[in-house]
Protein chains: 2
Amino acid sequence: MQSLFFAHVTKDVLEDICVHKIERQHSKGETIIQQGDPIKEFIYLKSGLVKLIRTTSENKDQIISFSKPFDFVSVFSVFSSEYYNYSVIAIDDSITCILDLEEVKRHALNNGHFAMDLMYRMSTATDHIIIDNMEIRKKQLKGRIAHILLYFARNIYKANNFELPVSRREIAEYIGMTVENVIRTLSEFRKDGLIKIYGKEILILNEKFLEEVSEHG
Amino acid sequence: MQSLFFAHVTKDVLEDICVHKIERQHSKGETIIQQGDPIKEFIYLKSGLVKLIRTTSENKDQIISFSKPFDFVSVFSVFSSEYYNYSVIAIDDSITCILDLEEVKRHALNNGHFAMDLMYRMSTATDHIIIDNMEIRKKQLKGRIAHILLYFARNIYKANNFELPVSRREIAEYIGMTVENVIRTLSEFRKDGLIKIYGKEILILNEKFLEEVSEHG
DNA sequence: ATTAGCTGGTGATATTTATCATGCTGCCAA
DNA sequence: TTGGCAGCATGATAAATATCACCAGCTAAT
């Protein structure tokens, strides 16, 4: 646990923090954090897969990012806001670990190494969100689809065949395009021999060319 | 200075940190931070206006955000990376204050309040970048232009007439559209009586309707 | 003074993406 | 058993956006 969590924190401190740790089970589709709720806990993902989304004023969902085990789910806002400005929803059966936020804050106050490690971890997480968003923004439809396929293959499943954990609609909400165009583009990739599709099962046949599409449209 | 900078830090500590503070002057257009440079300093903006940009693999610039005085310029990556993955460029004559990063880190280690305040400030900054990016992403051309006009009017200049600090090209790099369409849309707003334009001078005539366009296209 | 380059501007046209319509499947509840 | 609803899929068409071409004004460098 220590090596996965914090690098410079002694075991004593860790145990002290985690003594009040609670684990929660969430089944697929369950809301873990609701946008607008007060922030009282500090949460990280132990197993499963979740999405961070925000509901816009027109009541449409935008997916901000995905989080995999040992990512913080309380990624942003935790230290800068009273209320969550995003929701977290399980897209696979998941287990979260919940720490009391006040306790975490107290430890950060008293232990500089803990605070620095926390800062490092949260900063890394938000960095990725920002850079990833900029990457997606600069691409057009095909590049964005290629991007998300490679994202799941490389970052989440580390394999060229995997079961898509998200619906076509969710892909659309992540890359900011319509469902129809997501479907069409996946079909096109299939026809062009870049991938094979059986429902949610994806097999990447030509990773190199997919990479090319992701980079240069 | 104290109230603007950190809320819970005693004056002693602040003076200790700022004893090695250096001020630098940058004229409009000057590069303050170069993407790829090692991160050795902790920088905040004392006066002026700057843009954070990243240069994509196709050598095009994307504007990540703008920063105004007393924002940190070392917004992200500082505690999570060895090298800057963005550049900072002055878009007005600006003065930055430079602290030694190791010194800042040392103080964060020894002073929990300082660390927490730092975390709060950086978290707030990255939150804004993320939310703002999601806001822009969900809009289309006209909404994005309306958004940036209101952004400058409300957040930067707090007035309905102001001199645009950025070129049409820079607006395009911020909202992710082409220069031609930025120009066209501004002209359209002018023809529709929403704004007046004299070169870089902007006067917002119908803020309410501009707000409407920003929200609902 | 002359050219080159950059910004602002506009129109015509091509490309990309959204919208609308329709169908098909599987699943769940009445 | 029958709806009804959600996800996946495809085609036709409309709307949004990019691209290309061109012009004017300004400024920096030769």
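To find a chain, count down the sequence lines: A is the first, B the second, and so on, and within it residues start at 1. Remember, it's a predicted structure, so these values are computed and weren't measured experimentally.
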Value in whole Å for how far the [atom2] atom of [N] lies from [atom1] of [X]:
X: B/Glu173; N: D/dA18; atom1: CD; atom2: C1'; answer: 16 Å
X: B/Glu163; N: C/dT7; atom1: CD; atom2: C1'; answer: 14 Å
X: B/Leu141; N: C/dA18; atom1: CG; atom2: C1'; answer: 15 Å
X: B/Lys139; N: C/dA18; atom1: NZ; atom2: C1'; answer: 18 Å
X: B/Asp61; N: C/dT7; atom1: CG; atom2: P; answer: 11 Å
X: B/Phe189; N: C/dG8; atom1: CZ; atom2: C1'; answer: 18 Å
X: A/Leu186; N: D/dG7; atom1: CG; atom2: P; answer: 16 Å
X: B/Lys138; N: C/dT17; atom1: NZ; atom2: C1'; answer: 20 Å

**Study point:** Any side-chain heavy-atom pair of A/Val166 and A/Phe152 under 4.5 Å
**Key:** yes
**Study point:** Separation between CD of A/Glu163 and CD of A/Glu201, rounded to the nearest 0.5 Å
**Key:** 5.0 Å
Study note, to complete from the structure: CG of A/Leu52 to CD1 of A/Ile89, rounded to nearest 0.5 Å, is 9.5 Å
Closest to side chain of [X], choosing from [options]:
X: A/Thr178; options: C/dT17, D/dT10, C/dT19; value: C/dT19
X: B/Arg168; options: C/dG9, D/dA12, D/dT17; value: C/dG9
X: A/Gln140; options: C/dT17, D/dT17, D/dT10; value: C/dT17
X: A/Glu180; options: D/dT17, C/dT19, D/dA9; value: C/dT19

Heavy atoms under 4.0 Å, any strand shown: does [X] hit a base, just sugar-phosphate, or nothing?
X: B/Arg144; value: nothing
X: A/Ile183; value: base
X: B/Lys200; value: sugar-phosphate

So does [X] get a side-chain nitrogen or oxygen closer than 4.0 Å to the phosphate oxygens (OP1/OP2) of [N]?
X: A/Asn181; N: C/dT17; value: no
X: A/Arg190; N: D/dT10; value: yes
X: A/Ser167; N: D/dA6; value: no
X: A/Arg169; N: D/dA9; value: no

Review point. Under 3.5 Å, is there an N or O donor on one side and an acceptor on the other linking the side chain of A/Arg184 and the base of D/dG11?
Key: yes
Study note, to complete from the structure: On DNA chain C, more 5' by nearest nucleotide between A/Met177 and B/Ile197 is B/Ile197
Point to revise | Candidate pair B/Lys60 and A/Lys138, rule side chain to side chain contact (heavy atoms under 4.5 Å, CB included), full reasoning | key: CA-CA 9 Å; B/Lys60 282 180 185 171; A/Lys138 78 172 186 189; over 6 Å; no
Point to revise | Distance-minimising heavy-atom pair for B/Ser123 and A/Ser77 | key: OG-N, 4.0 Å
Check your understanding: Backbone N or O of B/Gly48 within a donor-acceptor pair of the B/Lys68 side chain at under 3.5 Å?
Key -> no
